[in-house]
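Working notes, structure below.
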Amino acid sequence: MYDLAIRGGTAVLGDAVVRCDIGVTGGRIAAIAERIEEARRVIRADGLLVLPGGVDTHCHIEEPFPEGGHQEESWESASRSAFAGGTTSVVAHTPQFKGGMLLDQHRAARARAARAMIDHGFHQIIADPSEAAMAQIPALVADGVGSLKAFMTYDALHLDDAGFLAVLQAARRHGLMVHVHCENYDAINLATRTLIAAGCTAPKYHATSRPPVVEREATGRAIALAELVGQPIQVFHVSCAEVAEEIARAQARGVAVKAETCPQYVTLTAEDMDRPGPDGSGFEGAKFMCSPAPRTAADHEGVWAMIRRGVLDVVTSDHCGFSYEGPRGKAKNGRNAAFDAIPNGIPGLAARLPVIFSEGVSKGRIDLPRFVRLVAENPARIAGLYPRKGVIAIGSDADLVLWDAGRRVTITNALMQHAIDYTPYEGMEVTGWPAATIRRGEVVMQDGVVLAQPGTGQWLPRGPAVA
Ligand code: URP
Ligand code: ZN
Ligand code: ZN
């Protein structure tokens, strides 16, 4: 007798798309069979796809600022948003501030996540690889942290090559993955100063200040240094094919480099940052401001081509908890603020699966198994969460999404169920939407209603990345 049977759906099992029933016991998948009779609870999935719950390994949730306070997206609201969009596991970031240590931040991050409903882990950001800070890495590893995050740009976070090499060496010593934000800090600073001196301060100049070559150079350098040390890396948020080509070349010569992209790089463009908005000020463009910057419609097709080639094998949201209005939002320095004084990052936790399914599967750019690998299996593998997460297999956590492939929805901010006051995807028509989300055998979202209780999310101790 199973605790739960999901009957009549069509499941994605690796490369196979199969009509089958799924039996769940103790929160785990216990049977995958043509027919499962005996179960205490039955959920009908006729006409629906059954997919592994989404795994989003690049999120910023309730992340503290160096000046104090934290992003307004809380663990509770982020969990709600994730479940609304079919995601059941996330890996977020723990900061380190220049001159600061790691363990205090890690403990504080875990305490903030105590109200999470979603299963979660953390990447540890290294912004200052001092000897004292790096000596704390073994304690983080013992607690289940599986990865370090390095930024090659941003005033508060960026590492020079010496700092980046120190992170790579530490990761190699401790068997951790390194995720990298690749943009050239000095090049961006020079362009920013030049633009602002010329009076070019509007949000649209964010894209001008960081063109693809800035991302390509840093990506090539990060790969070369990782190759030198012999440390695997994953390049975060690749925005265009020009950058992905650097990665493809390295992969072809056997370098252990993985790469992700995000929905914004197949949907938004630099022109979105030039929207006048209702007040005609042009500040509306801040809603689309993220780094790397959104590129062009032609670049979207380039990103899809790189996904089909397998060069980009993960799609995450890079969900960032900044609202438009309010004291922590995009407009916190006023609507006339120069682009370098506007917080970077956009929300996307709930939109990730619908946007990628719609633009990818519904429009025929990718097939269903590739979609599942992009949004669930591959991120779980790289995060050391596979096969507990990211796959429908006997023994895996029963994290499932019942997916209505034909449902047409116009995205609104209310549907995102996050604590942010806007979505960059407002008004976008998508085909494909989650009907229900199941976390460890429990229905946590049904027809848009989130049913989970705060504090029920589990900490995910992570193992090594699985190829
Ligand atoms: O603009 C972005 N992507 N903000 C979030 C932080 C980061 O760079 O990933
Ligand atoms: Zn980044
Ligand atoms: Zn990010």
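Computed over heavy atoms, backbone and side chain alike; hydrogens, waters and symmetry mates excluded. Just follow the structure's listing: the first ligand is 1, and inside any ligand the first atom is 1. Quick caveat, the model's predicted, so the values are computed rather than measured.
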Are any side-chain N or O atoms of [X] and backbone N or O atoms of [Y], one a donor and one an acceptor, separated by less than 3.5 Å?
X: Arg172; Y: Val229; result: yes
X: Lys330; Y: Ala286; result: yes
X: His93; Y: Cys59; result: yes
X: Arg216; Y: Glu246; result: no

Counting each atom of ligand 1 from 1 as listed, which ones have a heavy atom of [X] under 4.0 Å away?
X: Ser291; answer: 1 (O), 2 (C), 3 (N)
X: His237; answer: 8 (O), 9 (O)
X: Cys290; answer: 1 (O)
X: His181; answer: 7 (C), 8 (O)
X: Gly345; answer: 1 (O), 2 (C), 4 (N)
X: His60; answer: 5 (C), 6 (C), 7 (C), 9 (O)

Please report the interatomic distance [atom1]([X]) to [atom2]([Y]), rounded to the nearest 0.5 Å.
X: Phe322; Y: Glu72; atom1: CZ; atom2: CD; value: 9.0 Å
X: Gln417; Y: Ile420; atom1: CD; atom2: CD1; value: 13.5 Å
X: Cys290; Y: His206; atom1: SG; atom2: NE2; value: 6.0 Å

protein heavy-atom neighbour closest to atom 7 (C) of ligand 1 works out as Tyr154 OH, 3.6 Å
Among non-hydrogen protein atoms, atom 3 (N) of ligand 1 lies closest to Asp318 OD2, 2.7 Å
inquiry  = Using heavy atoms and a 4.0 Å limit, tell me yes or no: is Phe151 in contact with ligand 1?
reply    = yes
(Q) Does the residue His58 have a heavy-atom contact with ligand 1, meaning some pair of atoms that are separated by less than 4.0 Å? (A) yes
| task | Determine, stepwise, if the pair His179 / His181 fulfils ring-ring contact (aromatic ring centres under 6.0 Å, His included). | result | CA-CA 7 Å; His179 306 274; His181 177 129; over 10 Å; no
Any side-chain heavy-atom pair from Pro294 and Ser239 closer than 4.5 angstrom? no
Note: Cys320, heavy atoms under 4.0 Å from ligand 1, region reported as side chain
Closest non-hydrogen contact found for Pro434 with Gly85 is CG-C, 3.8 Å
Exactly one of His300, Glu215, Glu242 clears side-chain hydrogen bond (donor to acceptor under 3.5 Å, both in side chains) with Arg295, and that residue is Glu215
Given a cut-off of 2.8 Å, the protein N, O or S atoms lying below it from the Zn ion (ligand 3) are His58 NE2, His60 NE2, Asp318 OD1
